[in-house]
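First up is the structure itself, then whatever we jot down about it.
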Amino acid sequence: MKSAHKSLGLVLLAALVLSLPAAPPQGDQRIEIVNLRRYTHPNFTRIVIDIGQLRDFTFGELRDPGRVYVDVLQAKLNPILQGQSYLVKTDYVSQIRISQKTISTVRLAVDVDFSRIESYRVYHLFDPFRLVVDIYPRGAADVPAQTPAPADKTVPPGNRSQPPVKRDVDPKDPNLNATSMARQLGLGVRTVVIDPGHGGPKPGTIGKSGLQEKEVNLAVGLALKKLLVEKAGIDAILTRESDVDVGLDDRTVIANQKRADLFVSIHTNAHRDRKRGGVETFFLNISPDPSVVELAAEENATSTKNIGEMKTILQRIVQNSKIQESHDLAEAIQRNLVKALSSDLPSIQNLGVKGGPFWVLIGGEMPSVLVEISHLSNSKEEAKLKTGKYRELAAQGIYDGIMEYIRSLGKGQRP
Ligand SMILES: [Zn+2]
């Protein structure tokens, strides 16, 4: 670990267990909030209140001092969290506090410097229900040279099941442009998060015969997991293992929490021109290619952010070294996937590797790619995508690509 990489030094103040307001009435409907999580990413700060059950909430901002607050209704705070405050060493967020505001309202207050933040976002996620506050600083130059907290001290005692996100590298390292961080450090790959796109009420693309993208993505994801675990001894984690929906932001949060080394999102493509077919692999980047923007809009459909908003965030992220590794991983997967699929469909087109603004790839702190294995909008490819053989070949191709990438790092998987 570099010396410049001091712990963010989140100071957990002594747990002041303040006396709660008057005892709740009989038939208490309040949900108890027991956990608050905080992540400082290189490009934003995320605060998560774990709630567990659906609750209404409101949010707003105050000036002098600058503050963003979120009120969770019908909620009570676990005494351990009551009055808890967390100091944050960024120049745009200074302190996070959570307290019982009224007998049935819990307030999260985040002290911010509005002159240093670009925007913030308050939203909810399901399964389990939780509220998320993301705060984006203004301009990359204002972002402190930091990586996620080496130790997430915001996790209260008794709830340490989620390991902190940890990276022993400095994204501001000037050498990064010469050789990527992963290569410099000889990092190996132990954990791969596989993300089968869409799911549940969100089918993704639907082919002419009715085949749904979410089904193909899951089948290929499950097969890929099997290969990684059984053939390479790599820890492979799926963002979903059944037909359920997982929020786009959540997918990389899972990857970060599992401290994954690689993130591979699996999708099936569609194009207005039904004659168009083939394989393409994307990594996160700003793309001037309108066709990529169109596809990205499709894949981003469930995100609450639009492409315009993303662009600001993207501009800050592009310089991040993970882009180069993501590109290399995308190249290896694309090459091997085309090779594998062409054994069953010799005419399959290689549409190449492209940068694109895919929301699902933004939050990941590891090399991240999105693979569009073939086109469901193309009837020939749809027929193939229905078969177990073609799905197995897709998984094999992606697997071969991942393994080629790992070998190229010069350091294999878990010894
Ligand atoms: Zn998709």
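Counting starts at 1 for both ligands and their atoms, following the listed order.
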Quiz item: Considering residues at least two apart in sequence or located in another chain, which fulfil the side chain to side chain donor-acceptor pair (under 3.5 Å) criterion with R67?
Solution: D111
Quiz prompt | Between H41 and R46: side-chain donor-acceptor atoms closer than 3.5 Å | solution = no
Practice problem: Kindly indicate whether the side chain of V133, heavy atoms from C-beta on, has any atom under 4.5 Å from the side chain of L131. | Solution: no
Quiz item: Looking at E280 and K354, does any basic side-chain N land under 4.0 Å from a carboxylate oxygen?
Solution: yes
Quiz item: Are any of the side-chain nitrogens in R276 or D273 under 4.0 Å away from the carboxylate oxygens of its partner?
Solution: no
Quiz item: What is the number of protein N/O/S atoms located under 2.8 Å from the Zn ion (ligand 1)?
Solution: 5
Self-check item: Y390 and E381 side chains, donor-acceptor separation under 3.5 Å
Solution: no
